[in-house]
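One structure below.
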Protein chains: 2
Amino acid sequence: MAGKANGRKARNGGGEITMSDIARHAGVSPMTVSRALSDPPSVSEKMRRKVDAAVRQFGYLPNRIAGSLSSKRTNVVGLVVPSIRNSLYAAMVQAISDVARANGLHLMIANSGHRLEDEEALVSALLAQRVCGLVLHNTAHSRRLRELLARTDIPVVETGNLPAKPIDMAVSYSNFDAARAMTGHLGRLGYKRIGFVTLPLRDNDRSRERRRGYFAALKELGLPADPGLVMEAPGGFAEGADALVRLVQTHPDIDACFFAGDVLAVGALFECQRRGWAVPGRIAIASFDDLDLLRHTVPTVTTLRIPRQDIGRRSAELLVNRLRGASRQKVRIDVGFEIVQREST
Amino acid sequence: MAGKANGRKARNGGGEITMSDIARHAGVSPMTVSRALSDPPSVSEKMRRKVDAAVRQFGYLPNRIAGSLSSKRTNVVGLVVPSIRNSLYAAMVQAISDVARANGLHLMIANSGHRLEDEEALVSALLAQRVCGLVLHNTAHSRRLRELLARTDIPVVETGNLPAKPIDMAVSYSNFDAARAMTGHLGRLGYKRIGFVTLPLRDNDRSRERRRGYFAALKELGLPADPGLVMEAPGGFAEGADALVRLVQTHPDIDACFFAGDVLAVGALFECQRRGWAVPGRIAIASFDDLDLLRHTVPTVTTLRIPRQDIGRRSAELLVNRLRGASRQKVRIDVGFEIVQREST
DNA sequence: CTATAGGTTGGTAGCGATACCACAGAACGC
DNA sequence: GCGTTCTGTGGTATCGCTACCAACCTATAG
């Protein structure tokens, strides 16, 4: 019974089942177990069956912590988003998750809450966990974070905006171009007094780019840039409604409003329904991001379709390629956007 | 220069900066570095300063993989949800994330896509990563998964439904009670022919419980149970609209409809707006889950408020307490629900 | 002045896996 | 027929950190 695996010490104080345990019971060496599990073809049919049997019998789950330490590789991707709750990010996260899963990777998700210091702390923590890649939604980073990332050699993908100088790789659309295009679109439809409601600008390069795009388009349209037509509002239905009402009250001649973020536009639309303001008769409404919702409201809402899912998918694919050995080179993918003209304008 | 740290081998092939490196440059032992970082008060002021200086100088990030292997502890919580994309889960995930963060824990998130086999595979993978705790949204698990979880001794929280026999801990509301309460509410408002639209029932104990609650309430109300008034639909605006139209066409006498899931109710409401069906005049509409949206539509929609955030927060707190040493005992928390009566009924 | 306690520090031995090298035996060529 | 290649297997030495124990130093009491 004691067989050939005799001389080995067995003072395993009731701890977890290890590869050596499986090896002993299968009558093979630990190395063979390791190979049978991580690269089956490299092991003979006979050995593999013995190992598989022992693995099943004991319900053995290899310890990836140990594996990672030894191999200096992990199968965990880090992801930092401003808010998990927001459905925009959710679509991207889901896409990343799907690609990651298909490639045997796991996701560690962190929430920066739009705070740069938090982003820095979270990335540090993820690097301490030795993630094999990073996806950051933000592109405006703290100086220390930039230094940190410059020193690391894991792949990093930035999304959310197209930075002029990406840290490593970037997959996004241009917030500037998108906002400019929509504002231009409204102008070409004949609207003359176009309001602009933006998400908070602080620590958010995306919001700032959008505002820049709005003003650039006004200039191109030959329309006056009236700072009174620009409002900053936190994302939300009520906030969108508020912003619209205030704009209409202070600028009764306003004939269109572009809501550059979140569910602001929908909140405004509902407010119009409540007040009996015809959309687009009294005021036209345009939104940012093709929430499913906007296709179903009455009237349906003109918006910018941002391929959030593509962004997630391609980001993850870039990471996977790099992990598979693709050479390190800066990549900057513009996934573009599309204006979806609907009933509200 | 070579000092006392002389005899040590230094054939570090350009690998990562280790604790020993920091120790050498700070002129202390690796153990002191370890303590200075993980339990500062246990080290003298002088040593701590030396260590901190070296850490900052080299931008040293401790390797948590190694730390975890050595200490047999990780600071990663595993989380399996049916869909990351769905905003209901997002609210819960965010709450878990916040509590985890405040306690130095990280989140590894996986997506089961409502498939039990996938859930099983994902949990296995998370256990292989040696997560220190698990949150599962599903409560209907495969037999093999139950066995797997029975053998592990990490804390497990189930959410999404109140299982009769929790694996370990459970934090949820009763889908049965909630659906029964809303159906009863509609009955007491005087509606006689109450339709019911449910999410797919397969592999989803929550949907099945809701349907059970609906029928239980009808019985209590003394209303006939007409299977023709029940429709199964995947979640989505269009699907909700479709379901409503079909119900109205096949059962012209229907006077209320309870949409037990996702955005079905909103899709139906918009369809009514398009067709000019008065809500609740022609047909009353009730929903499940207090999406922000429902408070802003015209009319506002009667719904069930499920404290999704509380569920997340309390789940995470249970995990944290257990990790801090709370004794292992089955916990079953019913967070309840609330009927929010609004204009649509 | 010595004994004891308490608070810091350092050395050693793993944690559970994989990388790398060595080696045994089968298959092949000239 | 013997070197040569190839395939499959095992042994050994880490990977970077922490647990545990031993050693030391200072403080306090008797």
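Every chain is numbered from 1, with letters handed out A, B, ... down the list of sequences. Only this structure's heavy atoms are used, side chains among them; waters, hydrogens and symmetry mates stay out.
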Would you say a side-chain N or O of [X] is under 4.0 Å from OP1 or OP2 of [N]?
| X | N | result |
| --- | --- | --- |
| A:Thr32 | D:dG10 | yes |
| A:Lys72 | C:dA19 | no |
| B:Ser29 | C:dG10 | yes |
| B:Ser34 | D:dT18 | yes |

Atom [atom1] of [X] and atom [atom2] of [N]: how far apart are they, to the nearest Å?
| X | N | atom1 | atom2 | answer |
| --- | --- | --- | --- | --- |
| A:Met19 | D:dG11 | CE | P | 16 Å |
| A:Leu69 | D:dC15 | CG | P | 9 Å |
| B:Arg64 | C:dC15 | CZ | C1' | 16 Å |
| A:Asp21 | C:dC15 | CG | P | 11 Å |
| B:Ile17 | D:dG16 | CD1 | C1' | 13 Å |
| A:Ile65 | D:dC15 | CD1 | C1' | 13 Å |
| A:Glu16 | C:dA17 | CD | C1' | 10 Å |
| B:Asn63 | D:dT18 | CG | P | 9 Å |

Here's a test for you: under side-chain contact (heavy atoms from CB on, under 4.5 Å), which of B:Arg151, B:Arg130, B:Gln129 qualifies with A:Leu61?
B:Arg130

Listing time: all N or O pairs from protein to nucleotides 19-23 of chain D that are below 3.5 Å?
residue	atom	partner	partner atom	Å
D:dA19	OP1	B:Arg73	NH2	2.7

Mind checking whether B:His25 and B:Phe58 have parallel, tilted or perpendicular rings, split at 30° and 60°?
tilted

Got a sec? Which of residues 41-62 of chain B come in under 4.0 Å of DNA chain C, heavy atoms?
B:Val43, B:Ser44, B:Met47

B:His141 and B:Glu158 side chains, donor-acceptor separation under 3.5 Å:
yes

[X] versus [Y], closest heavy-atom pair with distance:
| X | Y | result |
| --- | --- | --- |
| A:Leu319 | A:Val156 | CD2-N, 4.5 Å |
| A:Asp203 | A:Arg115 | OD2-CA, 4.3 Å |
| B:Ile154 | B:Cys132 | CB-O, 3.8 Å |
| B:Ala121 | A:Arg101 | CB-NH2, 3.9 Å |

Without placing hydrogens or testing angles, list every side-chain donor-acceptor pair under 3.5 Å for residues 143-150 of chain A, not counting sequence neighbours.
residue	atom	partner	partner atom	Å
A:Arg143	NH1	A:Glu147	OE2	3.2
A:Arg143	NH2	A:Glu147	OE2	3.4
A:Arg144	NH1	A:Glu120	OE2	3.1
A:Arg146	NH2	A:Thr139	O	3.4

Identify the residue among B:Lys330, B:Gln329, B:Arg322 that makes a side chain to side chain donor-acceptor pair (under 3.5 Å) with B:Asp168.
B:Arg322

